[in-house]
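Structure record follows, encoded as structure tokens.
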Amino acid sequence: MNIATAPQPFSANDYKSDYKPVWCPGCGDYSVLLAFTKAMAQLQRPPEEIAVISGIGCSSRIPAYTNCYGFHGVHGRALPVGTGLKVARPELTVIVAGGDGDGFSIGGNHFLHACRRNIDITYIVMDNRVYGMTKGQPSPTTEPDWDSALAPGGTGLRPFHPLVIALASGANFVARGFSGDPNGCADLIVQAVRHPGFSFVEILSPCVTFRPDQREWGKMVHAAPVNPTDDAARAARRIMTDDGFNTGVLYAGNRAPFRPQTAPAAGLDAIEAEFAL
Amino acid sequence: MNIATAPQPFSANDYKSDYKPVWCPGCGDYSVLLAFTKAMAQLQRPPEEIAVISGIGCSSRIPAYTNCYGFHGVHGRALPVGTGLKVARPELTVIVAGGDGDGFSIGGNHFLHACRRNIDITYIVMDNRVYGMTKGQPSPTTEPDWDSALAPGGTGLRPFHPLVIALASGANFVARGFSGDPNGCADLIVQAVRHPGFSFVEILSPCVTFRPDQREWGKMVHAAPVNPTDDAARAARRIMTDDGFNTGVLYAGNRAPFRPQTAPAAGLDAIEAEFAL
Amino acid sequence: MNRDNAAIQSLSFAIVGSGGAGVMTAGQMLLDAAARAGLCGLMSRSSGPQIRGGEAAALLRLASTQVESHGDRFDVLLAVDWQNAHRFASEIPIDARSFVVGDPAEGAVPEAFSAAGARIVPVPLKAIAKKVPGGRPNMVALGALGALAGIGAETLARAIEATLQKGGEALKSSLAAMQAGMAAVAEAGVSLPRLAAGQAAGRWTITGNEATGLGAVRGGVRFVAAYPITPATEILEWLSSALPRVGGTLVQAEDELASINMAIGASYGGVPSLTATSGPGLSLMTEALGLAVAAEIPLVVVDVMRGGPSTGIPTKSEQADLNIALYGLHGDAPHVVVAPNSIADCLPATQWAVHLAETLQVPALVLPDQSMGQSRIVLERPASLPLAGARLVAEPETANYRRYALTPSGISPMARPGTRGTAYTADGLEHSERGIPSSQAGDHLAQLDKRARKLDHADYSRYWAEIEGEGDVAVVTWGSCTAPVREALARARAEGVKARLVSLRLLAPAQPERLAAALAGVRRILVVEQTHSGQFHRYLRAAFDLPCETRVFHRAGPLPMRPGEIHSKIVKELAA
Amino acid sequence: MNRDNAAIQSLSFAIVGSGGAGVMTAGQMLLDAAARAGLCGLMSRSSGPQIRGGEAAALLRLASTQVESHGDRFDVLLAVDWQNAHRFASEIPIDARSFVVGDPAEGAVPEAFSAAGARIVPVPLKAIAKKVPGGRPNMVALGALGALAGIGAETLARAIEATLQKGGEALKSSLAAMQAGMAAVAEAGVSLPRLAAGQAAGRWTITGNEATGLGAVRGGVRFVAAYPITPATEILEWLSSALPRVGGTLVQAEDELASINMAIGASYGGVPSLTATSGPGLSLMTEALGLAVAAEIPLVVVDVMRGGPSTGIPTKSEQADLNIALYGLHGDAPHVVVAPNSIADCLPATQWAVHLAETLQVPALVLPDQSMGQSRIVLERPASLPLAGARLVAEPETANYRRYALTPSGISPMARPGTRGTAYTADGLEHSERGIPSSQAGDHLAQLDKRARKLDHADYSRYWAEIEGEGDVAVVTWGSCTAPVREALARARAEGVKARLVSLRLLAPAQPERLAAALAGVRRILVVEQTHSGQFHRYLRAAFDLPCETRVFHRAGPLPMRPGEIHSKIVKELAA
Amino acid sequence: MTAGGERRYSVQEFYALLYAMEHEAAERYDELANQMETHNNAPVASLFRELAAIERKHAVKLQSHGQSVQAIRPRDLLLGASFELPETAPLDRAHYLMTPAHALALALENEEQAARCFDALAAAAPDDEVRKLAADMAAEEHRHAALIRAKLAGLPEPPADWDQDLDPPRFSE
Ligand SMILES: Cc1ncc(C[n+]2csc(CCOP(=O)(O)OP(=O)(O)O)c2C)c(N)n1
Ligand SMILES: Cc1ncc(C[n+]2csc(CCOP(=O)(O)OP(=O)(O)O)c2C)c(N)n1
Ligand code: SF4
Ligand code: SF4
Ligand SMILES: [Mg+2]
Ligand SMILES: [Mg+2]
């Protein structure tokens, strides 16, 4: 416990904007926002050196609720925006955040390739196993038998396994949190940001409006019974067979993050000279 | 050995069109085409009950070279086209085919979701670890140090692992072949088509023009040293740690294929009656 | 009653309240009751930015005949509470002749409304509700509004019963609260003119999005793939239950790229197919739309327009996806664009689009908008359309089958997979008649001509536009502007202006000769549309020969077009 | 020499042969040698459908001054062999005054060419090559063509040396084969008029795609994300080496959706960014383009147009992406569209587009086409453009910072992430000045107005169009049609026709007043474009006021527009 | 290569095997001829066409023994590492610039491989008739090989840079 340290320049509140969330009271995303601000305070990064990038969805509303630079783009494309930003401005801390629909349905391809590219960014997915913003359709992580207007009786489809896919495609850090534990989530985010390369944090974040059954999640989550590993194959196997409610850091790898190509600096003139006869 | 059987209605040549491939001589895709025709002859499916669907790329030119119904769509979208066709016309044998760029780069999201959806189709990827059609750029499966005009000195990126991703996302059958062995590939395709649900066959198919080094593949491939498993987690672990040149059926699962929703038949009138006051 | 309104005998009601107050339920029941009482009507919704809760408004217009859009003003504004109700001020215009019904316990009428000088009618909704065990203020409101609309208690009761089907205590207390509300109005001594009622029997109530879904099913669509998006999702939700009951299927795709390509695959397989989306999703579909043009795959794509650009205003209406619908494909890619001209027209317009897509082997876009899709109306049971004919299918064992044969009509028989002797490969690359990729100038020109020709030669019959009235001036419009324009014109006619209405249902291919004929003898036209940049007007200039002086009234959403503002323009621009 | 051609002293050569025969290499060396000899020139390529091998044609035009397009006819057609050469017949028009140089051992001249009645010059290329150890027929061909073009042996030798840098045996035998080819032509006694040569020193040789890349770098672009696609890939390949040398980066993205969003992310971060693609890729980018419009992110998107629709004809040219470039976004989404009017203009046009995008905080599309992008020309070193000014950046600690403030110019300071006191969230949802999502009509209108205003108020200076000549008739055109139009007009002028040329570089926003001024006093115009449906003409009708009678000449690709066909139209439509 | 092994072929089976080999070899040469035609390599195309005709003649002769070719695999012959039947030219050996010398060298390899295969089968076959048939076939293949060798000797050596690509591959799609 860290009780008697000197006052620090940034408190969690310094990362929060004065624009009030439009989320439903009880929504897990409030806790993720809280966890985010706590994590940033732990990291003591000045808010203006942090950029929060998102797509579209309830969860994707998060950037404007922070006091950081934010980008609320189009549905499913948050990771490419974050990637471009980080490559162009490597000194910024880039956090990409959004929902399960945004990240694993329409955004699935970017998820694969962001993991593989292993740029030094942190990706937080607020997984509520539903499309909240569009009023309750099944998402890739939805249980096969969940009944809804769009899929009466359930989709019958095997849920998408984000952590396994992240591992299989090369994410360098993989963790799972639960929004009901904002301090635990804050810790995971801190570790994710500190870990080099692409860090993926899935936060189980209930949608109280369309998935009231998820209020039970608090009883189901538990700390992962084993220590994180740096063996991706083992981690994948473990996650593929666990109950989906393990929380904690599940994998911390040591692949070097992507560095864009550099070349010996040359003036424009040197480049243009090559066109001369 | 099946030597002295009665003559059968369809020979391999019956599945071949008279339109000549534009592929480079030596390209592995010629052998894949051959393997396909041999496989169909083994299955004795009438050519008109087979549909071959592709995207864009050298490999994606395959449909018109067959005598089956074909669809040469846009880059990266072959799986959705095949999915729609199979759902609408379940009695057809639907084969989706294409390249590593088409399938794992621009088409990555559909790959994930087709595996997950587990519709009874077969997906053949001719993996040459390069974009052939556009003159030799790195694809997701390209080795990190392969030098090219677009990525001088190599991409530095970890190659994409199609078989592992297929397993992690729920494909029901996963195999790897080598184009130099058209008979072996034909066998894999036969098994893939027979296996219910989504079957994925990766065929290492050299691009002799942009990857002449791949002429060495013949010496590197070998039959998988173990029998196929129906445990996805074990199969994934195995593949994640093998040398990438194992051939054979690597996983044969037993998830039931996706069946679209049905409902008690009702006339249009019954449906319309619900709008009446 | 809208005394300004010569055309439509109607009464408009707005019910506001914060989330959970039940204003939508009350509105819905009021519309239902009015329908049962033999009235027609329209209800639309508005709400704050919150996902849930927040503030909400139900906007109703009840009338003797079918109404397709709101009027200029509301006769009654009833507030269950006033929380943030000022946000709706621009959507709920009231005036000195309006009644504002509010619960004095909820505070004073906000400035945004009181400024209008309307008559304030205090009704202690909460207190009245409290007196009924389990009673709720929104049911008191329902009773109050029902009384003002002249709907009998029994009819209101039937509407409540239809919603609260489980019955029990909830039903009993709702009925009691409703009656208390009626009594309160009687006591307050306010009343409104009575609307003449017709025959409820045989009428339907339906939303534009449901009508679109039904039009698709009637047209023969049996495969739908889609990705949810506001304000199109209800089409999908309705179809997901309806399709399996007629042997069809709906697949929820991973994204719009997948959904349109799935629909293309199914249609290639011979099954009429559709996808529905809104602007952002349509953007993602244009590549595949071009494929459907080049490979000649019939396909219907519904774009329920919302405010743009980009994510824009997802819950509000605008007509600004016209450009992308007409021109959004790369290369020369002729296709069909159809727009319903009213909520009810979503049904036949969509059905016609299916017919055109199938007949012409082309993608057809359908452009309703949010104000149509998410509004509910009461209407006579829609007649069946005599749209026979469909896809020209190749015969088995056709000798020397050429999928893209250069026929005089431009339409060539399309083989159904499974058919012997007609196997071919559909291709988005330019191709020969047989479908073999070709970069030869001759093949390119022949196929470009063919694809243009089949649209030029098609018979669009009388469906291409709605043409009404006589006169030497005209209003040219499309889509959801049509109803308010019609109403504005009716007023103008009553004032002696002789004017025509031309509302285009077929936007592409352009029909310049037909429009010229429809405008023969007209000396001036007014173009009315709901875009910021005047997209429709520019299109008319580009592809038609406007025979006369042209004036334009275009403005952006999100506020609905009002008959009154159009009427002023007609007076100013046409009557002079 | 093109005797029809009053404007350009030029000689045109076509070299055909099957894959591996080295016609491209020979063509490249001939262009290089001509440049070294003080000539200008142009080379484009054509080939069969095979990825490799198959048949190929190098098409050259050499001239005394800069040439930007091919002429009507070829002076010389040289065939290393005749395999499938007939496929190029429509691309290589020859006539009775042309020479056809062929190896008699390779068979007779195919009907497709012999029908023209050209003079056949048999040269036993293979036999000559055989006499030189290691000699190849294509080098004999080079010598023959060099001799015909009047290029000295030494200059040809220098061009060969520059390519075969390794020297050794290969170089020696190539030189000898080339000399044998020159000798063979001398022996055959054929010759062509001499072209006047200028100063080689200071000249460049560059392709349109390289010029585009360089224009981007000169304009300040330091981040590029893209996905390969024909015919844009060379832009990326050039940039992938060039960018790191000036501190920039290129990322190969997983698809076009990613590439444009990466570019948006980088630009949001303050770094001028670009992506390049062709039609199919552009289709996938329109959603993000709309985002860049709404969120006001500067961005350049290059679309190297190819034959459409759909996958179309990837290796050939057409101007038919104009529609999608102008109108392809959903909602009202004003943006900039710029088109280079020549191969050389790819450089300044792209640089200007970067300038406009940065200054106006808007996406700017650049529309070269395949015929520009993949052709190589010789030209004087391009001058630097005086394009200063760039993004308006917010000051640190700006009090009450509003990212989308309603300024008179419409341009509001854009904060750079990392700057203290100006944090904001960029948003594609409609928003208030602060960037907070809003569905209020007032905010929507204010922001729509702002986004339109900044484009309307911008200064497009003299770059907006190229205007040449005087007269009471005019040709209005754009892009790669400009050079053949210019040449056609020169011929017409020589015949006494007084005509102007107006070639639009700025396609959007439309500049109707400027065009009206440019056309003041003109009684008739001819619109020239390379589309099947007349997209440019329709756009002119839609967004401009064409002050006079208008005639149109539009036709589809893939054959390049020829000065002669345009000249006939000028004579027919304008001179009458 | 291991061949024959414990496998006991009946005469009928052996004919089936022979037919499969010749048929597949012919088809393959035709395929290669097609490829060369598409790529304008006429001399090699006609050479492959000739080879196809020769193999097809054999196949037709063998077909009179009434055999079917379904599903004969190299592994049925226990051919170990070899992916295809002994006389079948591997597709990946083609090159669009290959010379007649390359084509003949490839044909020679095929014949030699077939000869070796039959030698091994003859040595291992327990059935007299099969043994004799195999020995005959081996002799025939050796004869072919010798013929090709002779023809090859008459051809000039391809230049060292025969596969130098003077025309860069092109972009498409
Ligand atoms: C291109 C596009 N397609 C669809 C939509 C509609 N849409 C908005 S949010 C959303 C799903 C959101 O789900 P998720 O990402 O899980 O976020 P949540 O609301 O559950 O937090 C969808 C489908 C859109 N805005 N854009
Ligand atoms: C939307 C779109 N983007 C890019 C392209 C250009 N393109 C055509 S094929 C191809 C890659 C092909 O690679 P792969 O799928 O591996 O096939 P291969 O040619 O190697 O068999 C690309 C990038 C395109 N046609 N469409
Ligand atoms: S709908 Fe669900 S996800 Fe969205 S804010 Fe409400 S509770 Fe949260
Ligand atoms: S470029 Fe490569 S992949 Fe394409 S046909 Fe040639 S060898 Fe095959
Ligand atoms: Mg969600
Ligand atoms: Mg590939």
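In what follows, chains carry the letters A, B, and so on, assigned in the order in which the sequence lines appear, proteins first and then strands, with residues in each chain numbered from 1.
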With B/His195, which of B/Phe173, B/Phe200, B/Tyr123 fulfils ring-ring contact (aromatic ring centres under 6.0 Å, His included)?
B/Phe173
Heavy-atom pairs under 4.5 Å with chain B: which of A/Gly156, A/Pro159, A/Pro152 has the most?
A/Pro152
So which of B/Ser169, B/Gly107, B/Cys115 has the biggest tally of heavy-atom pairs under 4.5 Å with chain A?
B/Ser169
Within residues 236-253 of chain B, the residues sitting under 4.5 Å from chain A by heavy atom, in sequence order, are B/Ala236, B/Arg237, B/Met240, B/Thr241
Geometric cation-pi criterion, A/Arg211 with A/Trp146: 6.0 Å, 45°
yes
With a 4.5 Å cut-off on heavy-atom pairs, point out which of A/Gly153, A/Ser105, A/Ala151 contacts chain B the most.
A/Ser105
Using a strict threshold of under 4.0 Å (side-chain N to carboxylate O), is an ion pair present between A/Arg158 and A/Glu143?
no
Do any of residues 221-233 of chain B come closer than 4.5 Å to chain A, heavy atom to heavy atom, and if so which ones, in number order?
B/Asp231, B/Ala232, B/Ala233
Give, as side chain, backbone, both or neither, the part of B/Pro140 having an atom under 4.5 angstrom from any heavy atom of chain A.
both
Indicate whether any N or O donor in one side chain lies under 3.5 Å from an N or O acceptor in the other, for A/Arg77 and A/His110.
yes
Contact class of B/Phe160 relative to chain A, heavy atoms under 4.5 angstrom
both
Engaged part of B/Phe111 at the chain A interface, taking heavy atoms whose separation is under 4.5 Å:
neither
Under 4.5 Å from any heavy atom of chain B - which part of A/Arg255:
side chain
Judged by modelled atom types alone, do B/Ser205 and B/Asn128 share a side-chain donor-acceptor pair under 3.5 Å?
no
Option that, when pairs with chain A are counted at under 4.5 Å, heavy atom only, ranks first among B/Val164, B/Leu157, B/Ile106, B/Asn118
B/Leu157
Taking A/Ala192's backbone N and O only, do any of them form a donor-acceptor pair with A/Ser199's side chain (distance below 3.5 Å, no angle check)?
yes
